[in-house]
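Some notes on the structure that comes next.
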There are 2 protein chains.
Amino acid sequence: MKKDSSSSPMVTVHEVARVAGVSAATVSRFLNGTAKVSEEKRQAIESVIEKLNYKPNVLAQNLKTGSSRTIGVLTQSLVSGYFADAMAGIDEALQGTGYAPLIVSGHWHADEEAERIELLIARRVDGLVILSGKLKDAQILKLSQRVPIVAFGRDLSAPRAYGFCLDNYWGACEAVGYLIDQGHRNIAFITGPSDHQDALARLAGYRDTLAKHGIKEQQQLIVGGDFQESSGLLAVERLLESGQRFSAIFCANDLTAYGARLALYRRGIRVPEDISVIGFDDLHSSMYTTPPLTTVRQPLFDVGKCLGRAIVKMIGHETLDIEVPQLNLVVRESVKRVD
Amino acid sequence: MKKDSSSSPMVTVHEVARVAGVSAATVSRFLNGTAKVSEEKRQAIESVIEKLNYKPNVLAQNLKTGSSRTIGVLTQSLVSGYFADAMAGIDEALQGTGYAPLIVSGHWHADEEAERIELLIARRVDGLVILSGKLKDAQILKLSQRVPIVAFGRDLSAPRAYGFCLDNYWGACEAVGYLIDQGHRNIAFITGPSDHQDALARLAGYRDTLAKHGIKEQQQLIVGGDFQESSGLLAVERLLESGQRFSAIFCANDLTAYGARLALYRRGIRVPEDISVIGFDDLHSSMYTTPPLTTVRQPLFDVGKCLGRAIVKMIGHETLDIEVPQLNLVVRESVKRVD
DNA sequence: TTGAAAGCGATACCAT
DNA sequence: ATGGTATCGCTTTCAA
């Protein structure tokens, strides 16, 4: 093995032990508080550690303990504000626990996710946090035999696999309910990907809320999107071309709303004077769109904190006392009351 | 030591060797291609590995080789679209190299940065990528004695520390030059933090370009900001209250431009009909603001790829053939020609 | 080409 | 309370 190429000559427990006149075991015990060490030796060890500037070799600890003190985090995108919030939450939860996050992205592709997870497991992560994705629950359950898992965007409750969702259905009901409260009757909906659980829940919320208020659903007012801005833009163009009347658009997420808003702008249609727009997610930037976007807030940072804390507890065999964060409607300026 | 708690009984090189009827050394050699292995044994080993589903223990490899095959990445924010792009680039560059990124955030705070870096070094990262931040070049140079470093946002060129900047001065000149081309003479500037290198360069570019075109700089048209949306909003309000005339605003970054745009919107001032706005960065969302933002693009993803490739080469003692990505003006719809 | 054996640096068991 | 020693799983001399 190559010696450390840096300047300091790599001091080990044995070296510390030798200089302090004790055994390596004692040094280790002192370091980990595994057993009592006499005051006398404690001081000796402490001062030698100080003098030699000793730092335990994490790699050796890892091998010996069989743990890397690392949490694998599987996200779906490194550049999405949505996931970024959750990762920040995880990061915060992990601070001071001795665990560091190892982040990989699956890009919404089951095969890639599986591959990245194998990589994470090969690196001996002590736990796994999975943010959404396309893996089957069954796969995750299976994976959880090899490593404890906490997931977001799926309901799981096995010994070593726990997962929760936010109530997207409820959120969509709130959004549409609010629109109806404001006097809207002809409400368009731009959907998310049809294979996306949350997108489906939002669609269902839209439909049910309409029905609940005795408003007949109009097939032409529901147009397909994919959670990206471009699809919102396209959708509005189609909506406009269809000649259907509508006074409000519920967008399956904020990104879609941005695109929709731009399409409206291009046609000289004012928001909210002519048409109201409501989104879902509450990305940071939604506070600064023109007009600021009324939307359903997903507390992703809190979700991340929850997940981070949960995986640490699961690893420590503590009981998970999860309090699932709640969605809530944030009213800004993109919806106008009509009569 | 606890044995692996999962189902599979943890197969080692020795196990493979025993079953294949060879020595552990040979198995290792085969795995790493360190030396020639006879065809016969190669096959035997291969099939045993397959049958036993053997996976090398990375932790043991790490200890033995003294390397964690990990790259530490110090960012300043986990939720910034700006840094996220760079991290995605790094991630892409690292794919297939066997290195995984360990990401930490310094939150623009020198002490925190230093602390996080110590953490990274304690975890025996093989290299470090530093994204901006407030550390002194001297500190980085010193750190580079312990671990090779590649940095963005500073000019460095030591054996084990390389860093580059994008030409923010040039970018600002482009932006202001464009505004002047479009007939603007009274151009306001909302600055970035005064202790931020890039912000200063952009200010200098603004000033020099004005001067170059014989336009007298008006002190009241330069107002302080901090790269956040809220500061753009505030700045515009101050600008408006000052009673100064101006037909365009150059914002030190896109976030600031978002805030500025909202302030204008609130006052019923149209963009670009009444006032033109230009930003800096070209965040993803700038394509979908209303109107889409004209701005100076920072190719952060490419920067990230550059950095990722560079650190890998530096670790492998290869020569770094960096081609620093270029800024460029992207013209959209937030600037109008005036006469 | 191949094998035996010596570590890498820390931890933990077993004595004392 | 403390020390000796085996061990974690792999890589890599050194000999053959």
Legend entry - Spacing between A/Glu39 atom CD and D/dT2 atom C1', to the nearest angstrom: 16 Å
Legend entry - Interatomic distance, B/Leu31 CG vs D/dG9 P [rounded to whole Å]: 15 Å
Legend entry - Difference in axis direction between the ends of the helix from C/dT1-D/dA16 to C/dT16-D/dA1, five pairs, 10°: 40°
Inset, instruction - Give A/Tyr54 one of three labels, base, sugar-phosphate or nothing, depending on what nucleic acid heavy atoms sit under 4.0 Å from its own. - result: sugar-phosphate
Legend entry - Donor/acceptor link under 3.5 angstrom from A/Lys64 side chain onto base of D/dT7: yes
Legend entry - side chain to side chain donor-acceptor pair (under 3.5 Å) pairs, two or more places apart, involving residues 306-318 of chain B: B/Lys313-B/Asp321
Inset, instruction - Return the value, rounded to whole Å, for the distance between atom CZ of B/Arg123 and atom P of C/dG9. - result: 19 Å
Inset, instruction - Tell me which of A/Thr34 and B/Ala24 sits closer to the 5' end of DNA chain C, going by the nucleotide each one is nearest to. - result: B/Ala24
Inset, instruction - Tell me which of B/Arg29 and A/Pro56 sits closer to the 5' end of DNA chain C, going by the nucleotide each one is nearest to. - result: B/Arg29
Inset, instruction - Looking at every strand, decide which applies to B/Asn62 at a 4.0 Å heavy-atom threshold: base, sugar-phosphate, or nothing. - result: nothing
Inset, instruction - Establish, with yes or no, whether the OP1 or OP2 oxygen of D/dC8 is under 4.0 angstrom from a side-chain nitrogen or oxygen of B/Asn57. - result: no
Inset, instruction - Look at all strands and tell whether B/Val37 reaches a base, only sugar-phosphate, or nothing, counting heavy atoms closer than 4.0 Å. - result: sugar-phosphate
Legend entry - B/Glu15 and B/Met10, any side-chain heavy atoms less than 4.5 Å apart: no
Inset, instruction - Establish, with yes or no, whether the OP1 or OP2 oxygen of C/dG9 is under 4.0 angstrom from a side-chain nitrogen or oxygen of A/Thr12. - result: no
Inset, instruction - Specify the separation, in whole Å, of atom CG of A/Leu52 and atom C1' of C/dG9. - result: 15 Å
Legend entry - Step-by-step side-chain hydrogen bond (donor to acceptor under 3.5 Å, both in side chains) determination, B/Asn57 to B/Gln61: CA-CA 6 Å; B/Asn57 183 331; B/Gln61 290 179 316; over 6 Å; no
Legend entry - Separation of C/dT2 C1' from B/Glu40 CD (nearest whole Å): 12 Å
Inset, instruction - Please check the phosphate of C/dT2 (OP1 and OP2 only) for any side-chain N or O of B/Ser38 closer than 4.0 Å. - result: yes
Inset, instruction - Give a yes/no on whether any side-chain N or O of A/Gln61 is located under 4.0 angstrom from OP1 or OP2 of C/dG9. - result: no
Legend entry - Which nucleotide in D/dC10, C/dT2, D/dT11 has an atom nearest any side-chain atom of B/Asn32: D/dT11
Legend entry - Rounded distance in Å - NZ (A/Lys41) to C1' (D/dT2): 6 Å
Legend entry - A/Lys55 NZ to C/dG9 C1', straight-line distance once rounded to whole Å: 16 Å
Inset, instruction - For the residue pair A/Phe164 and A/Phe152, categorise the inter-ring angle as parallel (less than 30°), tilted (30 to 60°) or perpendicular (more than 60°). - result: perpendicular
Inset, instruction - Have a look at A/Val312 and tell me which of A/Asp126, A/Leu94, A/Val150, A/Leu307 forms a side chain to side chain contact (heavy atoms under 4.5 Å, CB included) with it. - result: A/Leu94
Legend entry - Protein-nucleotide distance (B/Leu63, atom CG; D/dT7, atom C1'), rounded to Å: 12 Å
Legend entry - Candidate nucleotides D/dC10, C/dA5, D/dT2, ranked by approach to the side chain of B/Val13 - the nearest: D/dC10
Inset, instruction - For atom CD of A/Glu39, decide whether the heavy atoms of other residues, nucleotides or ligands shown that lie under 6.0 angstrom number more than 12. - result: yes
Legend entry - Between CZ on residue B/Phe30 and CZ on residue B/Arg42, distance to nearest 0.5 Å: 6.0 Å
Legend entry - Sugar-phosphate only, base, or nothing, as touched by A/Val22 at under 4.0 Å among non-hydrogen atoms: sugar-phosphate
Inset, instruction - Examine D/dT2: is either OP1 or OP2 under 4.0 Å from a nitrogen or oxygen in the side chain of A/Ser23? Give yes or no. - result: no
Legend entry - Toward the 5' end of DNA chain D, by each residue's nearest nucleotide, A/Gly21 or A/Ala60: A/Gly21
Inset, instruction - Could you please spell out the steps behind the side-chain hydrogen bond (donor to acceptor under 3.5 Å, both in side chains) verdict for A/Asn62 and A/Lys64? - result: CA-CA 5 Å; A/Asn62 287 350; A/Lys64 184 62 192 178; over 6 Å; no
